[in-house]
Protein chains: 2
Amino acid sequence: MTDAPDPVPARRGRPGYDREQMLFSAVRVFNELGYDATSVAALTERLGLSKAALYHHFDSKEQVLDASLERALGSLEAVLDADEAMSGSAIDRLAAVLRGAVAVLVAELPHVTLLLRVRGNSEVERRALTRRRAFDQRIAALVRHAQREGSVRSDIEASVAARLLFGTVNSIVEWYRPGGPEGADRLADDVVAVALDGLRT
Amino acid sequence: MTDAPDPVPARRGRPGYDREQMLFSAVRVFNELGYDATSVAALTERLGLSKAALYHHFDSKEQVLDASLERALGSLEAVLDADEAMSGSAIDRLAAVLRGAVAVLVAELPHVTLLLRVRGNSEVERRALTRRRAFDQRIAALVRHAQREGSVRSDIEASVAARLLFGTVNSIVEWYRPGGPEGADRLADDVVAVALDGLRT
DNA sequence: GTCTATAAAGAGATAGAC
DNA sequence: GTCTATCTCTTTATAGAC
């Protein structure tokens with residue numbers, strides 16, 4: 001249990017950790033144990049520090065969570081606000097959003113993983129869930145648009161289709177590990193292929 | 001917070017709750033708050049009982065979890081052992097397993113939801129994860145079979161395809177609620193349609 | 001930026017009565 | 001089948017020194 005400290009991105013020269021490094025390490029532990037099962041002691045043991053050290057960088061354990069959720073949500077919202085999501089046919093925009101979401105999932109894997117496990121047990125968690133719902137609704141609107149355009153099947157309700165779509169995308173956090181055999185681009189290709197064209201030959 | 005007790009399936013006549021009813025109620029609370037965030041007090045408050053009452057029916061909080069995970073895993077494993085999963089072409093068996101899994105998800109929604117959130121924090125959780133992995137591998141083998149048979153595209157690795165497939169299926173627990181507009185059969189149709197034939201027209 | 005020490009609250013679980 | 005009372009351990013967070 002007392003292994004070497006997390007190999008946190010170095011910060012040249014100075015001793016100790018800054019807020020960024022501590023967040024990086026903490027989110028990893030949250031994802032391993034689950035946020036609620038993680039004590040502040042578990043958070044700081046990972047870095048070889050005492051509990052009190054965390055309170056120098058954050059007001060509370062919950063503020064660590066908040067910082068992580070902000071990253072995840074900010075990155076995901078940016079995908080919907082990007083140029084590729086704003087022009088072209090609805091099906092092309094949908095595909096671009098799927099690719100963008102996969103890219104964010106991979107790039108911000110720990111933060112997004114944490115976001116997807118939030119259940120609404122506190123004000124911080126409920127705010128995050130509200131932003132997530134808004135994201136989901138923008139996806140559903142995009143699917144509806146593609147249905148009206150005729151490029152997406154209309155025999156499945158848009159909200160259900162959108163949920164199954166992002167169920168597929170979001171499930172990636174359960175097994176994908178960067179540096180494995182599958183690159184992020186290849187993964188995005190596979191997701192778009194399965195989601196839009198199906199598994200059948 | 002002190003609402004009416006959970007409307008647990010009645011047990012005609014006698015006072016108090018039996019093990020089955022207590023499990024039913026407890027698993028609901030676990031899913032609302034998350035297992036780790038749920039105290040034994042929260043569990044029994046829901047039924048209007050004291051903490052000690054739970055220990056008449058279960059040895060520990062963890063044994064409640066164990067009982068729930070056993071149900072979920074048993075039901076899922078039964079899908080793979082069913083007749084429809086044993087004969088016919090691989091693609092037909094795959095479709096049958098998908099339908100069966102959706103049916104189990106809906107029928108045992110609380111137990112499966114709990115299972116899908118387990119992270120391996122205890123021996124009970126790790127045993128459940130081991131069984132889940134075995135299930136996943138049987139799915140991957142089925143996909144591989146369908147690829148060799150030529151009915152499933154081979155440009156996506158079987159293990160990745162299987163994971164995306166069950167990512168789609170499992171995500172149902174995040175939003176589906178029985179008694180809503182979508183019936184279980186219709187939902188299974190939608191899942192098989194999206195997974196095998198895709199969303200595109 | 002980190003430490004030790006400690007406060008205050010809440011956790012899981014048990015004993016024994018009804 | 002449930003209760004009250006209690007034990008013990010762990011939790012989040014703070015105070016104040018280095």
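Each chain gets a letter, A, B and so on, in the order its sequence line appears, and its residues count up from 1.
Rounded to whole Å, the distance from NE2 on H56(B) to C1' on dA17(C) is 15 Å. Here the C1' atom of nucleotide dA13(C) and the NE2 atom of H57(B) are 16 Å apart, to the nearest Å. A straight line from CG of D18(A) to C1' of dG1(C) spans 11 Å, rounded to a whole angstrom. With rounding to whole Å, L49(B) atom CG is found 10 Å from dC3(D) atom C1'. Following rounding to the nearest Å, D59(A) (CG) and dT12(D) (P) show an atom-to-atom distance of 15 Å. Taking atom CD on E62(A) and atom P on dT11(D), their separation rounds to 18 Å, with Å as the unit. Atom CD in Q21(A) sits roughly 12 Å away from atom C1' in dG1(C) (whole-Å rounding). For the pair L43(B) CG and dT2(D) P, the computed distance is 13 Å after rounding to whole Å.
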How does protein contact run along nucleotides 6-11 of chain C, one letter per nucleotide 5' to 3', with B for base contact, S for sugar-phosphate only, - for none, heavy atoms under 4.0 Å?
-----S
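Listed by residue number, the members of residues 63-72 of chain A with any heavy atom below 4.0 angstrom from DNA chain C form an empty set.
Qualifying side-chain contact (heavy atoms from CB on, under 4.5 Å) partners for T38(A), counting only residues two or more places apart in sequence or in other chains: V29(A), F30(A), L33(A), A42(A), L43(A). Applying the side-chain contact (heavy atoms from CB on, under 4.5 Å) test to E70(A) and every residue at least two apart in sequence or in another chain returns R131(A). In this structure Q63(B) satisfies the side-chain contact (heavy atoms from CB on, under 4.5 Å) test together with R19(B), F58(B), D59(B), S60(B), sequence neighbours excluded. Shown here are the salt bridge (charged side-chain N to carboxylate O under 4.0 Å, His left out) partners of D197(B), two or more places apart in sequence or in another chain: R200(A). Every residue two or more places apart in sequence or in another chain was checked for a salt bridge (charged side-chain N to carboxylate O under 4.0 Å, His left out) with R144(B), and none qualifies.
Pairs passing the side chain to side chain donor-acceptor pair (under 3.5 Å) check and including a residue from residues 185-194 of chain A, sequence neighbours excluded, read R99(A)-D189(A), R186(A)-D190(A). The stretch residues 88-136 of chain A participates, sequence neighbours left out, in these ring-ring contact (aromatic ring centres under 6.0 Å, His included) pairs: F135(A)-F166(A).
Using a cutoff of 4.0 Å between basic side-chain nitrogens and carboxylate oxygens, R71(A) and E20(A) are scored as salt-bridged.
Checked against dT4(C), dT4(D), dT12(D), the side chain of A52(A) finds its nearest nucleotide in dT4(C). Side-chain atoms of Y55(A) lie closest to dT12(D) of the nucleotides dT2(C), dC3(D), dT12(D).
Taking the side chain as every heavy atom from C-beta outward, L49(A) and M22(A) approach each other to under 4.5 Å.
Taking only side-chain nitrogens and oxygens, S50(B) comes nearer than 4.0 Å to OP1 or OP2 of dC3(D).
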